[in-house]
Each structure stands twice: as C-alpha cells, then as structure tokens.
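Since the structure comes first, as structure tokens, the remarks are kept for the end.
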Amino acid sequence: VFKGREVNEEFFEELEEKLILADIGVKTTLELIEDLKKEAKKKKIKESDEILELLKEKLKKILLKYKGKLKTEHKPFVIFVLGVNGVGKTTTIGKLAKQLKSEGKSIVLAAADTFRAAAIEQLEVWADRADTRIIKGNEGADPASVVFDAIQSIKAKEDDILVIDTAGRLHNKERLMKEIQKIKKIVSRELPGEPSEILLVLDANTGQNAISQAKAFKEITDVTGIVLTKLDGTAKGGIVIAICNELKIPIKYIGIGEKIEDLRKFNPEEFVESLFS
Amino acid sequence: ALAGKIQSAIGKITKKGRIDEETLNKGLREIKLALLEADVNYKVVSDFTKEIREKALGSEVTKGVNAVQQLVKIVNDELVKALGEKNEGLQLKNKPSVILLIGLQGSGKTTTAAKLANYLKKQGKKVLLTSVDIYRPAAMLQLKKLGKQIDIPVFLQENIKDAAKIAKNALDRTKEENYDVLIVDTAGRLHIDEEMLREAKEIKENVNPDEVLFVSDAMTGQEAVNIAKAFDDNVGMTGIVLTKLDSDARGGVALSVKGVTGKPIKFAGVGEKIDDFELFYPDRVASRILG
Ligand SMILES: Nc1nc2c(ncn2[C@@H]2O[C@H](COP(=O)(O)OP(=O)(O)OP(=O)(O)O)[C@@H](O)[C@H]2O)c(=O)[nH]1
Ligand SMILES: Nc1nc2c(ncn2[C@@H]2O[C@H](COP(=O)(O)OP(=O)(O)OP(=O)(O)O)[C@@H](O)[C@H]2O)c(=O)[nH]1
Ligand SMILES: [Mg+2]
Ligand SMILES: [Mg+2]
C-alpha cells in the first residue's frame, strides 16, 4: 500500500497514520515524516518505494546504534528485572533462565516479589521448569532481604548467574521506585560492580506511556537492556524506536508467547520489516 | 494544557462572535495531536475531530468566553459524552447472577475479580469466586489467596483441565449454596488466538453471564481498537473495566475501546489493593486524556 505510489501530501499522511498505528508515537512520527519530506525534496524523490526504503533504513540505524547483547562473561553475574505491573517479568525470567542454563551456566532465581499474591509460587514453577535453584522468603518479607539471602547463596555455591524477579510497580509511585534503588544498593554492596544487567520489561501493547516508564526506570537505577514482550499479539511495539533514540537503551530480547521457549534475541532488521508488514 | 496549546497555535484571536474556519483548523490540529499523544486510536481521533468540527463550526461563542475556551469546552463535553455520560453500573438481572471477566494477558483480570467480589460483598451480596485459568502457573492459587484476604470463598478444581467444565461446576455450586453472584476469572488470551476465543465462548455458554466484562489496561496503545473489537465480535462483552488508571498513562484507550464497541466502561482499577476500585467517571478520564 506504500509501494508504487506518487510522493505527495496524501502519501505522507498515510505514512504518518501507519507509523502512529505501530505505536511509534506522535513526537517521533512527526520528526520522521519531517525528515523524509526534506530528503524527498532535496533528492527529488518521486517513487514512494524509495521513501519507504529510506524510512526503514532510518529506523534500522536507530536500533542498530544502540544494539546490545546479554553477555554473561564474568561470574557471579547479576540480572535485575524491572517493570510495571503485568508486563511479563516473571515469565521472561523463566524463559531466560532456561536459555542461560542451556548455555551451561548455573542459574539461581531470587523471588523478590514478596508483595503480590502467589508471585513466589509462580516463579517457583518457572524455576522448576528451567531446572534452576530458587531463593525465596516469606510473603510480605522485605524484598531486599530475599536478595541478600540469594547473594549469600550464590557466593557459597559459586553459581554463575543470579536473576532477580521484582514486583510490578508503576513508575509514578515514588515509594515503590525508591524500593528498587534500595534493592540495587544491596546488590552492589554485597557484589561490587553488580548488577551487570538491569533489564526493563515492556509490553508491546503499551502506547506512549512506555517512554515515560523507560525514562523513570532509567533515572532511578539506570537500565542496560529492554525486553519487549507479547509481540505474538498484533501490537508492533514501535515505541522502542523512540526509547532507543532518546534514551539510548538497547533492546536485547523479545517475548513471543507464554511458553518457556518463547524468547528470542532482538533482531533490528526483522523488527523494522514487521512494522510495515 | 490543551487550551494553552490551542491558544499558541492560533495566536492572536480577535474577539469574534463565532469560531471561524481558520481558527478552527488550527485548533483541531492541536486537538488531534493531544488525542494521539494520549494514545487514542488514529481512526477514532479522525472521527472524533470530525464531530468536533461539526459542533464548533458556526457555534455561538458564549458571552464572556473566548473562542479557544469555547473550543476546549466543546471538546471536553463531546469527550465526556463519548466516554459514557452516566454510569449504569452492573446489570445483574438473574438469580444467581454471573459475571465473566475476559481480556489480554496481564491486564488485571484476577485482581479485578477480587476487587469486584469485595465491592459486591460490601453491598450485602453473597459472592462466590472461581478461576478457570488452567494455564498460568499459580493462577488459581493467586485468586485463592486474594479470596482469603477478603474472606470470600473461591471455587477451584485444580485437576480438571477444562475451563468450561470448571465454570459449569462453579455455577452448580453457586446455585446449591444460594450465592447471589458468581464471578468467573479466566486466563489471559490473545484476541487472535482462535482456540482460546472458542474456549471463552464455551465458558460463556456454560454460565450464561449477566455481565461479560472486558478488562483493559489503561496504558494500551493503538491496538486497543482491534483488540476490543475482536473480543466483542468473537466472545461478546457487556462492559469494560479499565485498570491501572493510577499510572500516569493518559488513558486514550478509554475513548478507543468505548468508541469501537459502544459498550459502557463500568469500573476503574486505580491500584493494586482490593479497595483500589471505583465506578468509572468519564469526566475525570476526559480531562486526563486532554492533558
Ligand atoms: N502472549 C504472551 N503473553 C505473555 C508474554 N510474556 C508474558 N505473558 C503473559 O503475561 C501475563 C503476565 O505475565 P507475568 O510474568 O506474570 O508478568 P509480571 O510482569 O511478572 O506481572 P507482575 O509481577 O504482576 O507485575 C501472563 O499471563 C503471561 O503468560 C509474551 O511474550 N506473550
Ligand atoms: N497499579 C495497578 N496495578 C494493577 C491494577 N490491576 C491489576 N494490577 C496489577 O497488575 C498485575 C497483573 O494483574 P493480574 O490480576 O495478575 O492480571 P491478569 O489479567 O489476571 O493476568 P493473566 O491472568 O496473566 O492474564 C498485578 O501485578 C496486579 O497487582 C490497577 O488497577 N493498578
Ligand atoms: Mg511477576
Ligand atoms: Mg489472571
């Protein structure tokens, strides 16, 4: 629908609609359309196919610029998993644990969501499925104490990787965000230099609020990577373009289902192509 | 806020008796952007701004109010109207009544089931909860624990791997023990998963609910329209619950979902605790959408 067309105002309006519908966001969409119009004028582009290719290149460039992999090159290696409520943190940890275990690492999970009903039991099922050890406390206990116990355990047993599951929290709740800071401090105090990886989990169905989520979490603990879940739905998750561009956080993984094997390393080219499919 | 944006877009307005075309176009662009920034679906925005245009063109500017204020008032009033002017509340006609909760993964169904149960209990109703989520790890335990917190019984059959069957059995228990209301929590499912949509339909046929509430996350983006429509077309809903309104999401999904299904938004989830549950107020969400 964007190929073989004349480059005119109507074409750019339809392109604007396509980008908005992919959740690229108003600000980023307007900037992209503006740049494309300038380039079309400068290079006297008449073919819509060329504009589309130009746009894809722009988007791929943004995502590739802040590309990153999860490199568990030293031990112990601590992965801290954060995000708002219901995005898929606990499920992602189960999937990630299985993947890392298959690479021959010894993994331990910390059930630091001591707040939500049955959060600990939910992670226990995943630990069992991924065949990894889990450290838990009592429901209602201080999450920092569970993290402390988990660190003592991995030090004692010389495990390779610790993955910390946290309670979902809205980024506009100050007390909950301070709790994240406190947990991070405990980790760096007990294991200087850790956590090496702070993963923010985002739901692909989320609109522009994902940007404010990423900003807030980055500000409170810094974020080293993003996991974009639920891409097996129909949402495109285009908001990660803005997050990459403005906050310079690499997208590391995508969630494409509810089963343990439904985790993939992020592929920028495939992602951009799917935005227009 | 919106008035300020429209004002700066329009620049100096000479006092006119009516809103003229040029002023209106500039104002409409700001309104369109504000709604898109609030995550209202693109097509819904386009239809909505057309309605605003009709209302505003040639409308009389009230004495003592300038054109910008007039336009913002029109937008606000139309938005409140579009979001559902009066909350009808739950329509529980049968005895016993059944409420079915459906929606995408992680939208807040299980938490909402408990909140709704507590809300009805406070109204003096005898409530039974059940979970037919046979998939998610510890889903049934989650509802069981929540039920315990609010002292409401939860009917579970953890060894039956058939959601529709458990629902039927829960309804039998509801009748046997003279409960007023049965609330059925279902597994999260994709709106494009035919098998799971079929399951939802089977559950619905087995319990013949008075209300089928679509639970939708307030921070959902552009796909909200397709998601809601698919659930409505394939399962059928009688109302909507918007959750996580305690976030700073603008909540444009409210206009999109109500707009495309025509179904009323009945409740708002405003936190993780059981009491964080209220009737949906269209005027509050309208001003938040407009930013
Ligand atoms: N379709 C799909 N569902 C997913 C994906 N990732 C997680 N889910 C589902 O989303 C729901 C929520 O997942 P959780 O792992 O409990 O999310 P969470 O972020 O830990 O939730 P809280 O701890 O309550 O904040 C569950 O039903 C998961 O099965 C995904 O990639 N695709
Ligand atoms: N802040 C906030 N969190 C909420 C609200 N409603 C639900 N939650 C949280 O959102 C997360 C997901 O809630 P659930 O009730 O497990 O969602 P669900 O739809 O049952 O999830 P699935 O069964 O996996 O599809 C949990 O962390 C809840 O505490 C709300 O109104 N505000
Ligand atoms: Mg969790
Ligand atoms: Mg649930």
Side-chain angles (χ1 to χ4, degrees), chain A residues 16-27 29-30 84-91 94 115-126 128-129 139 167-173 176 203-210 212-213 216 229-230 232-239 257-259, chain B residues 32-43 45-46 104-111 114 135-149 187-193 216-227 230 243-244 246-253 271-272:
Chain A
E16 172 189 280
E17 177 177 3
K18 180 79 173 172
L19 295 176
I20 297 273
L21 288 176
D23 280 320
I24 297 232
V26 173
K27 181 162 167 285
T29 297
L30 294 179
V84 304
N85 308 71
V87 294
K89 298 176 293 300
T90 305
T91 306
F115 171 75
R116 207 210 67 212
I120 298 168
E121 289 86 347
Q122 183 187 5
L123 190 65
E124 278 186 291
V125 173
W126 285 109
D128 187 65
R129 288 177 180 178
E139 204 165 290
R169 69 203 61 228
L170 291 182
H171 54 293
N172 54 321
K173 307 223 162 146
L176 297 180
D203 184 332
N205 292 296
T206 304
Q208 290 157 99
N209 194 256
S212 89
Q213 290 175 25
T229 62
K230 308 183 195 173
D232 46 318
T234 54
K236 301 286 187 181
I239 207 70
E258 302 188 75
K259 304 206 267 339
Chain B
K32 170 185 167 184
L33 291 178
L35 293 174
L36 288 177
E37 281 167 358
D39 289 318
V40 180
N41 177 269
Y42 197 95
K43 297 182 175 75
V45 171
S46 155
L104 288 181
Q105 291 90 346
S107 58
K109 298 173 293 300
T110 304
T111 310
Y135 312 98
R136 172 173 154 155
M140 291 187 175
L141 181 64
Q142 184 184 3
L143 190 64
K144 183 178 183 177
K145 290 197 180 216
L146 290 173
K148 206 163 194 150
Q149 285 177 25
R189 69 203 63 225
L190 291 182
H191 55 299
I192 50 172
D193 186 334
S216 179
D217 191 321
M219 44 194 169
T220 310
Q222 295 287 312
E223 268 311 289
V225 161
N226 293 331
I227 296 164
T243 62
K244 307 176 202 172
D246 46 320
S247 67
D248 60 359
R250 296 268 293 275
V253 59
E272 293 193 72

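Below, chain A is the first sequence line, B the second, and so on; all start at residue 1. These figures come from a predicted structure and were not determined experimentally.
Annotation for B/Lys244 and A/Asn85: closest pair NZ-O, 2.9 Å, computed over non-hydrogen atoms. Nearest approach of A/Thr234 to B/Glu223, heavy atoms of both residues: OG1-OE1, 2.6 Å. In terms of heavy atoms, A/Ala118 sits closest to B/Lys145 at N-CD, 3.8 Å. Between A/Asn172 and B/Ser247 the shortest heavy-atom distance is ND2-C, 3.4 Å.
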Practice prompt. Given side chain to side chain contact (heavy atoms under 4.5 Å, CB included), test A/Asp203 with B/Thr220 step by step and report yes or no.
Written response: CA-CA 9 Å; A/Asp203 184 332; B/Thr220 310; over 6 Å; no
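For A/Ile120, no part lies under 4.5 angstrom from a heavy atom of chain B. Looking at B/Leu141, the atoms closer than 4.5 Å to chain A (heavy atoms on both sides) sit in the backbone and in the side chain alike. Of the atoms belonging to A/Glu139, it is side-chain heavy atoms, and not backbone ones, that fall under 4.5 Å from chain B. With a threshold of 4.5 angstrom between heavy atoms, B/Lys109 does not approach chain A through any atom at all. With a 4.5 Å cut-off on non-hydrogen atoms, A/Val87 does not touch chain B at all. In this structure, chain A has a heavy atom under 4.5 Å from the side chain of B/Ile227, while its backbone stays farther away. In this structure, chain B has a heavy atom under 4.5 Å from the side chain of A/Lys230, while its backbone stays farther away.
Side-chain contact between A/Thr206 and B/Asp39: absent, with no pair of heavy atoms (C-beta onward) separated by less than 4.5 Å. Side chains of B/Asp246 and A/Lys173 form a contact here, defined as non-hydrogen atoms less than 4.5 Å apart. Using a 4.5 Å heavy-atom threshold, the side chains of A/Val26 and B/Leu33 count as touching. Side-chain contact between B/Gln222 and A/Ile20: present, with at least one pair of heavy atoms (C-beta onward) separated by less than 4.5 Å. Considering only heavy atoms from C-beta on, B/Pro137 comes within 4.5 Å of A/Arg129 through its side chain. Side-chain contact between A/Leu170 and B/Asp248: absent, with no pair of heavy atoms (C-beta onward) separated by less than 4.5 Å. Side-chain contact between B/Gln142 and A/Arg116 is present, with at least one heavy-atom pair separated by less than 4.5 Å.
Rounding to the nearest 0.5 angstrom, the gap separating the OH atom in B/Tyr42 from the CG atom in A/Asp23 is 14.0 Å. The line from OG of A/Ser212 to CE of B/Met219 is 9.5 Å long, rounded to the nearest 0.5 Å.
Counting heavy-atom pairs closer than 4.5 Å to chain A, the top-ranked of the candidates B/Ser46, B/Gly106, B/Gly252 is B/Gly106. When A/Glu17, A/Glu16, A/Gln122, A/Lys236 are compared by the number of non-hydrogen pairs under 4.5 Å with chain B, A/Glu17 comes out ahead.
Remark: the backbone N or O of B/Leu36 is paired with a side-chain donor or acceptor of A/Gln208 at under 3.5 angstrom.
In this structure, a donor-acceptor pair under 3.5 Å is present between the side chains of B/Gln105 and A/Glu258.
Dense packing is recorded around NZ of A/Lys18, with more than 12 heavy atoms of other residues, nucleotides or ligands lying under 6.0 Å away.
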